[in-house]
Amino acid sequence: KNQVEQSPQSLIILEGKNCTLQCNYTVSPFSNLRWYKQDTGRGPVSLTIMTFSENTKSNGRYTATLDADTKQSSLHITASQLSDSASYICVVSASSNYQLIWGAGTKLIIKP
Amino acid sequence: GAVVSQHPSWVICKSGTSVKIECRSLDFQATTMFWYRQFPKQSLMLMATSNEGSKATYEQGVEKDKFLINHASLTLSTLTVTSAHPEDSSFYICSAPPVTGFEQYFGPGTRLTVT
């Protein structure tokens, strides 16, 4: 069964600190893995998309890694800001037909 | 980046009435659009895939007669919630992938409250 699991479920850190969110998947055949940021009451916004051959991809203070062998991905946030408070969702595509398998998300809260 | 809009952004309706939600790709064409539903503190759940020029494909457990989807053009898909009930209250989000590439662009969502 295709599944995406994220940890932790929620995380609270102080402004300026770094954090890393985890994503494990059992999706086959693998096409690509995405990280989205979703603010409360808003649609998801794409942070990174990685295909099988990509190990790391950065978008500003966000850096995603992918280990296709262990089927794990992480999202590292550097020097967190209050505006980083949101849900971060890991999504895996099993094929090129655009259907996505969604993780439950990690709710990140940045405190001043 | 590409923009997807939804209208309305929020709607309150009475039980038994129907509500139409529009999803538009503003600066690209999309032969396929996706409709999601999201309940509080949960992730997005795919409801259906909207295909321009053909019938929508519904996920298991989603009533096609209740959630009517019409992909009228390459830039517009509509979701009509018929005979809405309070349990249909949710956050509805559409997404559209451009013809090329992996990316999907999400609309801002529509908050539906059925009283």
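Letters go in sequence order (proteins before strands), and every chain restarts at 1.
- Scored by the side chain to side chain donor-acceptor pair (under 3.5 Å) test, A/Thr63 finds A/Ser58 as partners (sequence neighbours excluded).
- We find the CG-OH distance between A/Leu100 and B/Tyr36 to be 4.5 Å, quoted to the nearest 0.5 Å.
- Counting non-hydrogen atoms of other residues, nucleotides and ligands closer than 6.0 Å to CD of A/Gln9 gives a total of 12 or fewer.
- Clustering ILVMFWY residues whenever any of their side-chain heavy atoms sit less than 4.5 angstrom apart, transitively, puts B/Leu112 in a cluster other than the one holding B/Val4.
- Pairing each heavy atom of B/Ile93 with each of A/Arg42, the nearest pair is CD1-O, 4.4 Å.
- Linking Ile, Leu, Val, Met, Phe, Trp and Tyr residues whenever their side-chain heavy atoms come within less than 4.5 Å places A/Leu82 and A/Ile77 in a single cluster.
- The hydrophobic clustering, which links ILVMFWY residues whose side-chain heavy atoms are closer than 4.5 Å, places A/Leu11 and A/Tyr62 together.
- Scanning for side chain to side chain donor-acceptor pair (under 3.5 Å) contacts around A/Glu54 gives A/Thr51, A/Lys57, with sequence neighbours left out.
- Under a hydrophobic clustering in which Ile, Leu, Val, Met, Phe, Trp and Tyr are joined whenever their side-chain heavy atoms come within less than 4.5 Å, directly or via other members, A/Val4 and A/Phe52 fall into the same cluster.
- Contact annotation for residues 38-71 of chain B against chain A (heavy-atom separation below 4.5 Å, listed by residue number): B/Gln38, B/Ser43, B/Leu44, B/Leu46, B/Thr49, B/Glu59.
- Within a 6.0 Å radius of CD in A/Glu5, other residues, nucleotides and ligands contribute 12 heavy atoms or fewer.
- Contacts between residues 101-110 of chain A and chain B, defined by a heavy-atom separation under 4.5 Å, are made by A/Trp102, A/Gly103, A/Ala104.
- Heavy-atom neighbours of B/His7 NE2 from other residues, nucleotides or ligands within 6.0 Å: at or below the threshold of 12.
- When the side chains of ILVMFWY residues are joined at heavy-atom separations under 4.5 Å, either directly or via intervening members, B/Met33 and B/Phe28 end up in two distinct hydrophobic clusters.
- B/Phe91 approaches A/Gln38 most closely through the heavy-atom pair CE2-NE2, 4.2 Å.
- Here the OG-CZ distance, from A/Ser46 to B/Phe106, works out to 8.5 Å after rounding to the nearest 0.5 Å.
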